[in-house]
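Reviewing the structure listed below.
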Amino acid sequence: MAFLSLNNISKNYGATAAVRELSLEVERGEFFGLLGPSGCGKTTTLRMIAGLELPDAGRIELDGRDLTQLSPERRGFGMVFQNYALFPHLNVFENVAFGLRARKRPAAEVSSKVADALALVQLPGYEKRRVEELSGGQQQRVAIARAIVIEPLLLLFDEPLSNLDVALREETRRELRELVKRLGLTAIYVTHDQDEAFALCDRIGVMSGGRLLQTGTPRELYERPQSLGVARFLGRNNFIEAMRLSKQHDAHGEFKTLAGGHTLYVPVSAEDLGPINKPAVLSIRPEHISITQGASFPADNVLRATVREVNFAGATTTVRLDADGLQLEALVLRLVGLAPGDSCMVGLPPGRINILKAEG
Ligand code: ATP
């Protein structure tokens with residue numbers, strides 16, 4: 001049984017459907033990300049988990065217990081949001097102690113737990129500091145200490161690092177994941193930043209338009225996007241419009257590209273079996289396209305192409321190619337002597353091509 005489960009939750013604000021029939025399961029000890037563009041419903045989903053909003057429909061369960069209608073206080077989750085929300089008139093100690101005092105813990109326990117929490121976020125000795133004397137990163141670490149000191153069943157983060165500069169954000173990110181893992185806590189982390197989600201999370205749910213499009217590990221989402229929405233949102237991709245021609249091959253479906261009329265073979269599983277003679281969209285990452293100047297190489301899906309543009313970017317080079325009207329972008333580590341106007345052979349390994357669902 002999943003630790004946290006959201007079953008078909010929906011939330012409307014007037015005519016705006018912020019979250020639509022969203023179902024999700026998070027395991028105990030998991031660092032789970034909710035990723036998607038601005039306005040896709042991430043924050044609303046997190047606020048419903050926190051109890052700050054009530055869903056219009058659906059159920060939220062923790063460890064098999066229905067908490068859909070429970071107040072935020074009774075859920076007792078730890079929360080860290082973007083605008084720290086530290087108490088400016090209290091010092092660091094009192095900020096971190098806040099949740100323990102609210103739970104009327106004895107003074108000795110408060111002191112030792114606050115000291116432990118500050119040690120965990122690498123701020124020991126800062127107890128007496130006023131919060132405005134701290135840097136943004138230190139303030140955010142105090143907010144994290146305040147959330148973990150109550151040893152919550154669930155930690156909820158909403159873009160907590162977005163006010164930090166890049167170097168500090170990356171450092172705090174590493175520390176945060178390490179800390180959550182060390183304490184064995186379960187965390188849900190909302191972000192619109194793919195790098196951040198990939199660096200932090202064991203699994204990620206990608207949202208768009210109030211819906212959950214796909215859930216998976218960073219690698220699964222990156223290498224096997226199931227829909228156009230996920231493929232578009234996560235990194236660069238070539239999208240190839242094509243017509244499905246046959247299904248006689250067990251392992252490979254045959255597609256004809258609309259631009260260039262090339263035949264491409266793509267491994268097809270039973271659930272991917274789309275309609276024959278209907279347009280489909282295929283995707284392949286630029287780094288999975290290979291380029292050679294030799295006559296051909298022994299793989300399927302080798303097309304003749306002309307180099308249109310070569311953009312050197314230090315560690316990698318981006319090459320724009322035209323294969324009889326099919327525009328492709330390849331990302332290569334080393335490009336030996338190719339210049340615009342040159343002919344080459346381009347390989348699209350069948351196993352690297354995805355068949356996308358149109359929705360999303
Ligand atoms: P961001 O990354 O910009 O915070 P988000 O993915 O977290 O976006 P939400 O804040 O959940 O998205 O908003 C989802 C939709 O619901 C948006 O269209 C938003 O305008 C709308 N919305 C959110 N909160 C309210 C509210 N209190 N009243 C009315 N509409 C709201």
Side-chain angles (χ1 to χ4, degrees), residues 33 35-38 135-137 159-178 189 191-202 204 206 216-225 228-240 259-260 281-297 299 301-323 325-354 356:
L35 175 66
S38 180
S135 72
E159 311 246 9
L161 310 183
S162 52
N163 288 343
L164 310 185
D165 66 45
V166 176
L168 193 57
R169 189 157 67 220
E170 287 179 3
E171 187 190 330
T172 313
R173 201 188 269 173
R174 261 196 311 279
E175 288 172 3
L176 183 62
R177 179 172 165 90
E178 223 249 319
Y189 193 100
T191 179
H192 65 275
D193 179 340
Q194 181 205 320
D195 291 340
E196 186 151 290
F198 276 30
L200 277 167
C201 301
D202 301 311
I204 297 166
V206 182
T217 63
R219 180 179 286 271
E220 283 163 357
L221 295 171
Y222 187 81
E223 295 192 344
R224 291 285 170 224
L228 212 46
V230 174
R232 277 220 181 92
F233 191 67
L234 299 182
R236 284 153 71 185
N237 245 314
N238 290 285
F239 295 105
I240 304 173
V281 178
L282 310 177
S283 71
I284 182 166
R285 296 275 176 200
E287 67 268 31
H288 292 146
I289 294 184
S290 55
I291 303 175
T292 172
Q293 275 181 292
S296 67
F297 39 81
N301 301 339
V302 178
L303 318 178
R304 183 170 295 284
T306 306
V307 176
R308 288 282 173 242
E309 207 180 312
V310 177
N311 292 314
F312 174 73
T316 58
T317 298
T318 302
V319 187
R320 289 188 204 290
L321 301 144
D322 182 331
L326 175 65
Q327 309 296 321
L328 295 169
E329 184 182 289
L331 189 74
V332 294
L333 287 177
R334 214 168 270 119
L335 191 71
V336 191
L338 270 182
D342 288 351
S343 287
C344 62
M345 302 303 288
V346 175
L348 284 65
R352 295 296 196 178
I353 300 177
N354 293 298
L356 303 177

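For clarity, every value in this text was computed on a predicted model and none was experimentally measured. Just the heavy atoms: all of them, side chains too, but no hydrogens, waters or symmetry mates, feed the values below.
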Residue pair [X] / [Y]: nearest heavy atoms and the distance that separates them:
X	Y	value
L328	L348	CD1-CD1, 4.1 Å
P225	L356	O-CD2, 3.4 Å
R169	L161	CD-O, 3.3 Å
A330	I291	CB-CD1, 3.8 Å
L200	R177	O-NH1, 2.6 Å
I284	H288	CG1-CB, 4.0 Å

Problem - Partners passing side-chain hydrogen bond (donor to acceptor under 3.5 Å, both in side chains) against N354 (at least two apart in sequence or in another chain) - result: R224
Exercise for the section: Could you check V302 against V346 for side-chain contact (heavy atoms from CB on, under 4.5 Å), going step by step and ending with a plain yes or no? Expected result: CA-CA 5 Å; V302 178; V346 175; over 6 Å; no
Fill in the blank from the handout: So CG of L331 and OG1 of T316: to nearest 0.5 Å the spacing works out to 4.5 Å
Using modelled atom types and a 3.5 Å cut-off, is there a donor and acceptor pairing between side-chain atoms of [X] and backbone atoms of [Y]?
X	Y	value
N238	E329	yes
Q194	G235	yes
N237	A231	yes
R285	R236	yes

Handout entry: Contact check, side chains of P218 and I204, non-hydrogen atoms, under 4.5 Å
Key =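 Yes - at least one pair of side-chain heavy atoms lies under 4.5 Å apart.
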Problem - Contacts of type salt bridge (Lys or Arg N to Asp or Glu O under 4.0 Å), residue R352, not counting sequence neighbours - result: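 Counting only residues at least two positions away or on another chain, R352 forms a salt bridge (Lys or Arg N to Asp or Glu O under 4.0 Å) with E223.
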Problem - Worked verdict on Y189 versus E196 for side-chain hydrogen bond (donor to acceptor under 3.5 Å, both in side chains) - result: CA-CA 10 Å; Y189 193 100; E196 186 151 290; 2.8 Å; yes
Handout entry: Stepwise side-chain contact (heavy atoms from CB on, under 4.5 Å) test for L321 and C344
Key = CA-CA 9 Å; L321 301 144; C344 62; 3.7 Å; yes
